[in-house]
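Accompanying notes for the structure given below.
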Amino acid sequence: VVTWNAMIAGYTRNGMMDDAEKLFEKVPEKNVISWNAMVSGYAQNGRIEDARNLFDKMPERNVVSWNAIIAGYVQTGRIDEAYELFEKIPSRSMVSWATMIKGFAQNGRIEEARRVFDSMPERNVVSWNAMIAGYAQNDRIEEANRLFETMPDRDRVSWSTMITGYVQAGRVEDARLLLDRMPNPNVVSWTAMITGYIQNRRLDEARQIFDRMPERDIVTWNAMISGFAQDGKIEEAHHLFDRMPVRDVVSWNSMIAGYAQNRKPENARQLFDKMPEQNLVSWNALIAGYAQNGHGEDAFKYFFKMLKKGVKPDNCTFTSVLSACASLAALEQGKQVHENVIKNGYDLDIFVGNALITMYSKCGSIDFALWMFDEMSERD
RNA sequence: CGUCCCAUAGUCUAUUAA
């Protein structure tokens, strides 16, 4: 059973849910762990309804089953449903609590996260870290710091969370002070610091850390590539790209976006064609590059190409394509894209809504633009 | 003691320019 379970988990971790299902169905013997692996697999792959169905069918559940399904709801932003289940758990573990804290925090409901945190019977370092990250991500770095100072034990996650928090608050110097005070910095903390310098366009300091750190991983390389490329140092970025030991889809995407940003959509396309495997972001980066550089026709072309390939566009795709329609004053195409937006079924994102308004007004359809404005549930 | 399932930290893409 253990071996089967390991295989199921292996499949789900790689997003191979079909294989996982097949194995799960024909396995001669399963236990609660097999079920958990499946539930968690669906949840991690965004198939929360499937996860829930399976969860409801389970012959027996343990706390891991509950945690997995709750994490699924959290991940899709359905925090109230997550909380409903959380309240029903027969007995909660540390994981349950941390999941809920993160859930509230990442939906901007930081006070509720805090209430969960405060009502915990006991806490471990992950609970503290989740709460700190919650404050940091909600731009309340001072409160994050207060917890950081008072927590009983800090691990590397705690330190890295704070470094990232200071970076996001625009306080690179404080981030650096923390890094220098950190007992055992690792590749994550260094990379967070690199990102901080990059965001403040202090590429020399980013490079200095990069050169001095004893080990780098693919995320470190990607952060450097993206930073240099976005800052117009596309040659340097490419050099890093060539030098790095292993490239993943993010590395390629960073280069594509870099070329797009530097008004070289054709170079972007060359990389796009050359990369071993494209994902949604690759398409988006390429299309955005075309849209932003006055190649609206190519933006369309690739938009339809991706549809044909069965790649599902998201809000990023739509905003780019719509802005291409706007600059070409292409009302017909714009309407077509609008249909796709509707077909996609999300309710109107504020970015997409704005893009639609802009598109319709630039195309001379003020009525449609006004109508969109009324349709939007959220405006800025 | 001896890692079959669940939680916390770092990297890629988008709208708005008199």
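Closest contact between the side chain of A:Ser254 and the listed nucleotides B:rC5, B:rC12, B:rA9 involves B:rC12. Candidate nucleotides B:rC6, B:rU15, B:rC5 were compared by shortest atom distance to the side chain of A:Ala71, and B:rC6 ranks first. Out of B:rA9, B:rU13, B:rA7, the shortest distance to the side chain of A:Gln44 is found at B:rA7. Closest to the A:Ser40 side chain, of the nucleotides B:rA9, B:rC6, B:rC4, is B:rC6. Proximity note for A:Ala6 (side chain, C-beta onward) versus B:rC4, B:rA14, B:rU11: the nearest is B:rC4. Set against B:rU8, B:rU16, B:rU13, the side chain of A:Asn129 has B:rU8 as its closest nucleotide. Among the nucleotides B:rC4, B:rA7, B:rA14, the one closest to the side chain of A:Thr99 is B:rA7.
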**Asked** Could you spell out the base pairing of RNA chain B in dot-bracket, with Watson-Crick or G-U pairs whose two distances are under 3.5 Å, [ ] crossing and | to another strand?
**Response** ..................

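Aromatic stacking is not marked for A:Trp190 over B:rG10, as the cut-offs of 5.5 Å for the centres and 30° for the planes do not both hold.
Residue A:Gln292 places at least one side-chain N or O under 4.0 Å from the OP1 or OP2 atom of B:rU15. Using a 4.0 Å cut-off, no side-chain N or O of A:Arg216 falls inside it from OP1 or OP2 of B:rU11. Taking only side-chain nitrogens and oxygens, A:Gln230 never comes nearer than 4.0 Å to OP1 or OP2 of B:rU11. Taking only side-chain nitrogens and oxygens, A:Lys102 comes nearer than 4.0 Å to OP1 or OP2 of B:rA9.
A donor-acceptor contact under 3.5 Å is not formed by the side chain of A:Thr161 with the base of B:rA9. Judged by distance alone with a 3.5 Å cut-off, no donor-acceptor contact links the side chain of A:Ser320 to the base of B:rA14.
A:Met255 and A:Val281 are members of different hydrophobic clusters when ILVMFWY side chains are connected at heavy-atom separations under 4.5 Å.
Residue A:Asp155 is classed as having no contact, given no heavy-atom separation below 4.0 Å to the nucleic acid. The residue A:Thr220 sits close to a base: some heavy atom pair falls under 4.0 Å. Here A:Thr319 lies in heavy-atom contact (under 4.0 Å) with a base. Looking at heavy-atom distances under 4.0 Å, A:Val187 makes contact with a base. Residue A:Ala98 is classed as a base contact, given a heavy-atom separation below 4.0 Å to a base.
Salt bridge absent: A:Asp242 and A:Arg247 never bring a charged side-chain N and a carboxylate O closer than 4.0 Å. A salt bridge between A:Lys102 and A:Glu112 is absent, with no side-chain N of the basic residue lying under 4.0 Å from a carboxylate O of the acidic one. Classification of A:Arg78 and A:Glu49 as a salt-bridged pair holds, one side-chain N sitting under 4.0 Å from a carboxylate O. Taking the charged nitrogens against the carboxylate oxygens, A:Asp56 and A:Arg52 do have a contact shorter than 4.0 Å, which makes a salt bridge. Contact check on A:Arg176 versus A:Glu173 returns no salt bridge, with no Lys/Arg side-chain nitrogen under 4.0 Å from an Asp/Glu carboxylate oxygen.
Applying the side-chain hydrogen bond (donor to acceptor under 3.5 Å, both in side chains) test to residues at least two apart or on different chains, the pairs with a partner in residues 370-380 of chain A are A:Asn354-A:Asp380.
For the residue pair A:Tyr302/A:Glu297, the side-chain donor-acceptor check at 3.5 Å is not satisfied.
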